[in-house]
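Here the structure is a predicted model, which is why all the values come from computation and not from measurement.
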Amino acid sequence: MKKKNIKLSNIIFFVIIGLLLIPQTRKPIQVFIHKGLALLSPSTIEEKEQRLITDYDWTLKDSNGKTFNFSETKGKVVLINFWATWCPPCIAEMPSMQALYDDYSSQIEFVFVSNETFEVTQQFMLKKGYTFETYIPFSEYPNTFDVNSIPRTFLMDQSGRIIIDKSGAANWNSKSVRATIDALIK
């Protein structure tokens, strides 16, 4: 009978697969992986492919129960992020979102949208130390956004053109995103 050699790489592979099957360890591993992927900066869309938001009829509610109409963002640079507290790529990109928010919240509009209850999102925000406002949709979002997965983030200019459209985790605090925003707010 032949003796089988067990390679260290095989043991590591099976340990990782096992850890991914356990719910308590799956999420931290996924967040870690997505943080690596989120080091990449989102890119702008070529001008000829940029879509224009024409329908601003979208109502949201903030954590205080105050109604926010998306039409209030007309004429402003807007960053819209669709996310959830259970989403590993969303969690991975949130530190870069917070850093961007810290520096640009007085110059552009940030709209963070989740379908979760405010109790869930506010507990997450408090635990992580995030200070941006989150919203729950009160009506359907405009069709131009076409959100099929999260995180999904859009950066719009003052005329409503979508300059960046990114699905998945990204580094929103990158030099290129900052340069794009700086160019838009001048």
Closer than 4.0 angstrom, basic N to acidic O: yes or no for Arg161 and Asp157?
yes
Glu133 side chain reached by Phe110 side chain, heavy atoms, under 4.5 Å
no
Leu79-Phe132 co-clustered via ILVMFWY side chain contacts under 4.5 Å:
yes
Angle class for the Phe70/Tyr56 ring planes (parallel below 30°, perpendicular above 60°, tilted otherwise)?
parallel
Do Asp165 and Glu49 have side-chain heavy atoms sitting under 4.5 Å apart?
no
So Phe154 and Val147, do their side chains get closer than 4.5 Å, heavy atoms only?
yes
List the atom of Ala169, the atom of Pro89, and the distance in Å for their closest heavy-atom pair.
CB-O, 3.5 Å
Does CD belonging to Gln123 count more than 12 external heavy atoms closer than 6.0 Å?
no
What I'd like to find out is whether the side chain of Glu93 reaches to under 4.5 Å of the side chain of Thr153, using heavy atoms alone.
yes
Is there a donor-acceptor contact under 3.5 Å from the side chain of Glu116 to the main chain of Ala84?
no
Measuring only between side-chain heavy atoms, which start at C-beta, is Phe118 closer than 4.5 Å to Asn64?
no
Tell me if the CD atom of Glu140 is crowded by more than 12 foreign heavy atoms within 6.0 Å.
no
Ring centres under 6.0 Å, that's the criterion: do Trp83 and Phe124 meet it?
yes
Salt bridge (Lys or Arg N to Asp or Glu O under 4.0 Å): pairs with one or both residues in residues 170-186, sequence neighbours excluded
Asp103-Arg178
Looking at Thr59 and Ser139, would you say the former's side chain and the latter's main chain have a donor-acceptor pair under 3.5 Å?
no
Any chain of hydrophobic side-chain contacts (each under 4.5 Å) joining Leu184 to Ile164?
yes
Please determine whether residues Val78 and Tyr141 belong to a single hydrophobic cluster, defined as Ile, Leu, Val, Met, Phe, Trp and Tyr linked transitively by side-chain heavy-atom distances below 4.5 Å.
yes
Pair Ile108-Lys76, side chain to side chain contact (heavy atoms under 4.5 Å, CB included): steps then yes or no:
CA-CA 6 Å; Ile108 72 172; Lys76 299 178 183 178; over 6 Å; no
Within a reach of under 6.0 Å around CG of Asp55, are more than 12 heavy atoms found that belong to other residues, nucleotides or ligands?
yes
Going from CG on Leu155 to NZ on Lys166, what distance comes out if it is rounded to the nearest 0.5 angstrom?
14.0 Å
Could you tell me whether the side chain of Ser96 and the main chain of Trp172 form a donor-acceptor pair under 3.5 Å?
yes
Taking salt bridge (charged side-chain N to carboxylate O under 4.0 Å, His left out) as the test, write out the residues that go with Lys128, two or more places apart.
none
Are side-chain heavy atoms of Thr131 and Asp102 found at a separation under 4.5 Å?
yes
Please check if Ile163 and Ile185 belong to a single hydrophobic cluster, counting links between Ile, Leu, Val, Met, Phe, Trp and Tyr side chain heavy atoms closer than 4.5 Å.
yes
Assess, by modelled atom type and distance only, whether the side chains of Thr134 and Gln122 contain a donor and an acceptor separated by less than 3.5 Å.
yes
All heavy atoms of Pro42 vs all of Ala170, minimum pair found to be CD-CB, 3.7 Å
State, yes or no, whether a side-chain contact exists between Val77 and Gln107 at a heavy-atom distance under 4.5 Å.
no
For Glu72, side-chain contact (heavy atoms from CB on, under 4.5 Å) partners two or more places apart
Phe68, Asn69
Yes or no on side chain to side chain contact (heavy atoms under 4.5 Å, CB included) for Thr73 and Ile80, after CA distance, side-chain angles and deciding distance?
CA-CA 11 Å; Thr73 67; Ile80 306 158; over 6 Å; no
Full working for side chain to side chain contact (heavy atoms under 4.5 Å, CB included) between Phe145 and Ile53
CA-CA 8 Å; Phe145 294 133; Ile53 299 291; 3.5 Å; yes
Do Val113 and Trp86 land in one hydrophobic cluster if side-chain heavy atoms of ILVMFWY residues count as linked below 4.5 Å?
yes
Do Asp62 and Tyr135 have side chains that approach each other closer than 4.5 Å (heavy atoms only, starting at C-beta)?
yes
Do the ring centers of Phe112 and Tyr130 come within less than 6.0 Å of each other?
no
